[in-house]
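First comes the structure, then the notes that go with it.
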Amino acid sequence: VVHFTGIFADELRVCRKSSSGELTFNFVYLDVIFDFLMAQKIKPFIQLAYMPTLIAKHPYRRLFNAVVSEPENNDDWCRMIEETFKHLISRYSAQEVCTWYFSIWNQPDTPTYLFGFGDDDAFFEFYKRSYSK
């Protein structure tokens with residue numbers, strides 16, 4: 001098992017905007033990573049983080065060069081999560097993806113303000129919405 005943090009970091013270009021301003025998603029770089037893992041028979045432990053700049057409420061708030069902000073709009077975040085899972089299942093199968101491990105954002109005992117959330121209620125709403133996707 002390999003633990004991944006930052007699959008939504010800007011460098012992986014998952015979250016994009018079209019010329020018309022519509023939110024789009026690109027999984028090319030994630031595919032390279034996960035194709036390699038599958039070829040090596042390694043199961044990923046995927047932390048659904050960090051916040052892409054394009055959907056961050058505070059895009060310049062950073063920790064270790066990663067955007068640490070709640071989303072400007074939880075719907076955009078949830079759409080990204082949903083599209084990511086659809087893509088992973090389509091590419092690797094539901095049977096395979098169901099054997100992977102996932103966590104949302106960070107460890108539950110880390111103060112929410114450290115990762116860009118104004119208060120616990122904002123984080124818990126974010127977590128609930130993420131989990132339901």
Side-chain angles (χ1 to χ4, degrees):
V1 174
V2 174
H3 186 224
F4 280 94
T5 300
I7 69 165
F8 300 131
D10 289 338
E11 293 79 6
L12 292 178
R13 299 178 179 230
V14 170
C15 189
R16 313 292 298 157
K17 280 201 177 174
S18 69
S19 58
S20 65
E22 181 183 342
L23 201 58
T24 63
F25 305 100
N26 174 5
F27 302 106
V28 172
Y29 293 119
L30 287 185
D31 291 347
V32 170
I33 294 167
F34 292 121
D35 287 353
F36 174 78
L37 292 177
M38 296 301 98
Q40 305 306 311
K41 301 190 182 336
I42 298 172
K43 299 284 183 192
F45 183 131
I46 302 167
Q47 183 176 329
L48 301 175
Y50 289 99
M51 190 61 59
T53 300
L54 291 175
I55 64 172
K57 184 173 187 177
H58 307 286
Y60 301 106
R61 189 181 292 160
R62 295 181 176 266
L63 179 68
F64 305 120
N65 203 35
V67 177
V68 288
S69 169
E70 61 191 287
E72 179 70 38
N73 178 331
N74 276 332
D75 290 340
D76 289 342
W77 168 265
C78 289
R79 186 167 156 240
M80 182 179 65
I81 297 295
E82 188 172 355
E83 293 300 320
T84 300
F85 275 91
K86 283 180 185 177
H87 175 77
L88 293 174
I89 289 167
S90 171
R91 189 169 180 92
Y92 304 106
S93 85
Q95 183 178 1
E96 174 63 31
V97 174
C98 284
T99 68
W100 299 357
Y101 301 95
F102 294 90
S103 68
I104 299 172
W105 205 246
N106 205 352
Q107 296 80 14
D109 59 345
T110 302
T112 55
Y113 64 83
L114 183 62
F115 285 90
F117 291 84
D119 58 39
D120 286 346
D121 290 339
F123 178 78
F124 292 138
E125 178 62 22
F126 167 82
Y127 186 93
K128 183 175 79 174
R129 297 278 312 274
S130 300
Y131 183 80
S132 71
K133 286 294 159 195

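Quantities reported herein were computed from a predicted structural model and do not represent experimental measurements.
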Interatomic spacing from CG in Asn74 to NZ in Lys57 - rounded to 0.5 Å: 9.5 Å
Minimum-distance pair of heavy atoms, taken over all atoms of Ala94 and Ile89: N-CG2, 3.7 Å
Cluster overlap Met38 with Val97, hydrophobic side-chain contacts below 4.5 Å: yes
side-chain contact (heavy atoms from CB on, under 4.5 Å) assessment of Val1 paired with Lys43: CA-CA 5 Å; Val1 174; Lys43 299 284 183 192; 4.3 Å; yes
Spacing of Leu88 atom CG and Phe102 atom CZ [to the nearest 0.5 Å]: 6.0 Å
Test item: Ser69 side-chain N/O and Pro59 main-chain N/O as donor-acceptor pair under 3.5 Å: no
Cluster check Tyr29, Met80: I/L/V/M/F/W/Y, side chain < 4.5 angstrom: yes
Sub-4.5 Å side-chain heavy-atom contact between Val68 and Met51: no
Student check: side-chain heavy atoms of Phe27 and Ile7 closer than 4.5 Å: no
Separation between CG of Leu30 and CZ of Phe8, rounded to the nearest 0.5 Å: 7.0 Å
Interatomic spacing from OG1 in Thr84 to CG in Leu48 - rounded to 0.5 Å: 8.0 Å
More than 12 heavy atoms of other groups within 6.0 Å of Gln95 CD: no
Min side-chain heavy-atom separation Gln40-Val2 under 4.5 Å: no
Closest approach of Leu12 to Gly6 (non-hydrogen atoms, all atoms of both residues): CD1-O, 3.8 Å
Ile81 vs Trp77, side-chain contact (heavy atoms from CB on, under 4.5 Å): CA-CA, chis, key distance, verdict: CA-CA 6 Å; Ile81 297 295; Trp77 168 265; 3.6 Å; yes
Pairwise salt bridge (Lys or Arg N to Asp or Glu O under 4.0 Å) hits with a residue in residues 25-40, at least two apart: Asp31-Arg91, Asp35-Arg91
Shortest non-hydrogen contact between Pro52 and Asp10, atoms and distance: CA-OD1, 3.4 Å
Ser18 side chain near Thr24 side chain, heavy-atom distance below 4.5 Å: yes
side-chain contact (heavy atoms from CB on, under 4.5 Å) between Tyr60 and Thr53, worked out: CA-CA 8 Å; Tyr60 301 106; Thr53 300; 5.9 Å; no
Salt-bridge criterion met for Glu82 and Arg79 (N-O under 4.0 Å): no
Check: Phe34 ring centre within less than 6.0 Å of Trp100 ring centre: yes
Nearest non-hydrogen partners of Cys15 and Leu23, listed with the distance: SG-CD1, 3.4 Å
Within 6.0 Å of CZ in Phe45, more than 12 heavy atoms from elsewhere: yes
